[in-house]
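Just so it is clear, the model here is predicted, and its values are computed rather than measured. Each chain gets a letter, A, B and so on, in the order the sequences are listed, and its residues count up from 1. Below, all heavy atoms of this structure are taken into account, side chains as well, without hydrogens, waters or symmetry copies.
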Number of protein chains: 2
Amino acid sequence: MQARKNFNDFFKSAFTVDNVIFGFDEGKLKILLIRRNEPPFEDFWALPGYFVQPKEDLEAAAARVLREMTGMENVYLEQLHTFGSPGRHNLGRVITVAYYSLVKIADFRPRAAGLAQDITWHTVDDLEQLAFDHEEIVAVALDKLKKSIRTRPVGFELLPPAFTLTELQHLYEAIWETELEKRNFRKKILSMGLLEDLNRTQEGVAHRPAKLYRFDEAIYRKLEESGFNFEMKESKSK
Amino acid sequence: MQARKNFNDFFKSAFTVDNVIFGFDEGKLKILLIRRNEPPFEDFWALPGYFVQPKEDLEAAAARVLREMTGMENVYLEQLHTFGSPGRHNLGRVITVAYYSLVKIADFRPRAAGLAQDITWHTVDDLEQLAFDHEEIVAVALDKLKKSIRTRPVGFELLPPAFTLTELQHLYEAIWETELEKRNFRKKILSMGLLEDLNRTQEGVAHRPAKLYRFDEAIYRKLEESGFNFEMKESKSK
DNA sequence: GCAAAAGTGTTTCATCTACACCCATGT
DNA sequence: ACATGGGTGTAGATGAAACACTTTTGC
């Protein structure tokens, strides 16, 4: 470590938060992007984010950005990774703490934050070039999401409060980019006892209507305390 | 989002890296702490860390701190979490990016960074009060380590290049704070085919000497590419 | 020959995998 | 009546859990 410096030299950085906001719709995994209307990267799509206010907690900043962009509150939000290459921003040293969020896409009402920016959902498998290092951030978020739905019951955050087993299966298939075997998937998820049968069915579908379920978080918390581990497998072997 | 501000207002933060450096010795999991010799938290034990230099990458900063404190290079180092409560540092807004590191404790040669500070290993199960929010950081690191050794072959980073199966088992037991069944543990780990039998044995022990193994990273990488998932279980049932 | 840890096999049980047909509804 | 997805059971394979005794070395 070099000799003691004037500490003030270190107080010349800025922090931002960037959110990877996942949604699920039409059988596809999506993320919410905003089109920048100012340099740098003007007209590029980017992750919603902003500077962290001087007395603001990091997670609060992420929640604020999410609220301002989508009108949503109390949604699943978790810190992902921090990106801080010296050259990642042209205004100076800007480090971004990336968060990822899982939202029910039907609840979304865009509010483009006073800036009248485009803000729309994009399917993750055909993203164009994004601003800054946001492609890398999205890649890390996708990776984390794949692992996360395997070991924690967070997939439900992307579905409406009442969902069918097939919808849930399609969600796993979309995120893992694989196909799952219907009977085994159902047996596995039902055997955990985390889904409550709502005794209601789909309406208006041109085939046998499916039963609706909800995820019972209270049961999950209890099981978790007594050592239960949520776990889904990708299988469908080779 | 509020009206556009002078962006300069945001460039008044500093960031640091802090390292949770894990080692394993005498059957116990340890972390490396430094005793502070200046305020704030003078005389408290703290995680090794320092300000990130203006043009330095985050991971490079973490590696630098590690090298300066321990003389070690090329060791396992991974980003953990970023801590940024507004009140966590008295000099101003300081956000810390925490890393965790797994090292072979025998390689350690302390170099107290010109500051002649105490730097010693502490067993993790009886830590006194630490400086700043470092207790929280250690708790998060421990949690991550527990999960990490379950699904990735990183435990070997804490052992010498040649180790016995019993040492490996004790490592898992120390981190998970549980006991494992010897025969099942051995069958499980050997069945993965990641350990190379070195055809050497312990010397100077007052009992039957154990065989020495090494972890074969090349094989692991190959298996991983073809879809293999490392996984150890805590079991020993209830 | 005794102490101390190393090393090893089998049975039981639970879970995972693969697989094909009937059911309920809308049109 | 037909098209569409919903819904179910079983046999076989695999992996996990439980459990006790023999072996090798130093002293």
Margin query: Whether A:Thr166 contacts D:dG5 is assessed here as follows: a side-chain N or O lying under 4.0 Å from the phosphate OP1 or OP2. Is that the case?
Written below: no
Looking only at the side chains, is there a donor atom on one of [X] and [Y] sitting less than 3.5 Å from an acceptor on the other?
{"X": "A:Thr166", "Y": "A:Arg186", "answer": "yes"}
{"X": "A:Glu167", "Y": "A:His170", "answer": "no"}
{"X": "B:Asp18", "Y": "B:Thr96", "answer": "yes"}

Next item on the list: Go through D:dG6, C:dA5, C:dT8 for me and flag the one nearest to the B:Arg186 side chain.
Entry: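 Nearest listed nucleotide: C:dT8.
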Notebook entry, point to check: In terms of side-chain heavy atoms of A:Ala206, which of C:dG7, C:dG26, D:dT24 is nearest?
Noted result: C:dG26
To the nearest Å, how far apart are [X] [atom1] and [N] [atom2]?
{"X": "A:Arg183", "N": "D:dA11", "atom1": "CZ", "atom2": "C1'", "value": "12 Å"}
{"X": "A:Asn184", "N": "D:dG9", "atom1": "CG", "atom2": "P", "value": "14 Å"}
{"X": "A:Arg208", "N": "C:dC22", "atom1": "CZ", "atom2": "P", "value": "14 Å"}
{"X": "A:Gln169", "N": "D:dT8", "atom1": "CD", "atom2": "P", "value": "14 Å"}
{"X": "A:Leu190", "N": "C:dC16", "atom1": "CG", "atom2": "P", "value": "14 Å"}
{"X": "A:Leu180", "N": "D:dG7", "atom1": "CG", "atom2": "P", "value": "17 Å"}
{"X": "A:Glu181", "N": "D:dT8", "atom1": "CD", "atom2": "C1'", "value": "11 Å"}
{"X": "A:Lys188", "N": "D:dG7", "atom1": "NZ", "atom2": "P", "value": "20 Å"}

Margin query: Can you tell whether the side chains of B:Glu217 and B:Arg221 come within less than 4.0 Å, N to carboxylate O?
Written below: yes
Check: Is a salt bridge present between B:Arg183 and B:Glu181, judged by a nitrogen-to-oxygen distance below 4.0 Å?
Finding: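 Here B:Arg183 pairs with B:Glu181 in a salt bridge, since their nearest N and O are under 4.0 Å apart.
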Notebook entry, point to check: Of B:Val205 and B:Glu231, whose nearest nucleotide on DNA chain D comes first from the 5' end?
Noted result: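 Per heavy-atom nearest nucleotide, the more 5' residue is B:Glu231.
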Margin query: Let me spell it out: for each of A:Lys182 and B:Lys182, pick the nucleotide of DNA chain C with the closest heavy atom. Which residue's pick is nearer the 5' end?
Written below: B:Lys182
Notebook entry, point to check: Less than 3.5 Å between a donor and an acceptor, one on the side chain of A:Lys187 and one on the base of D:dT10, is that the case here?
Noted result: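 Check passes, donor-acceptor contact within cut-off.
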Next item on the list: Using a 4.0 Å heavy-atom cut-off across all strands, classify A:Thr164 as base, sugar-phosphate, or nothing.
Entry: nothing
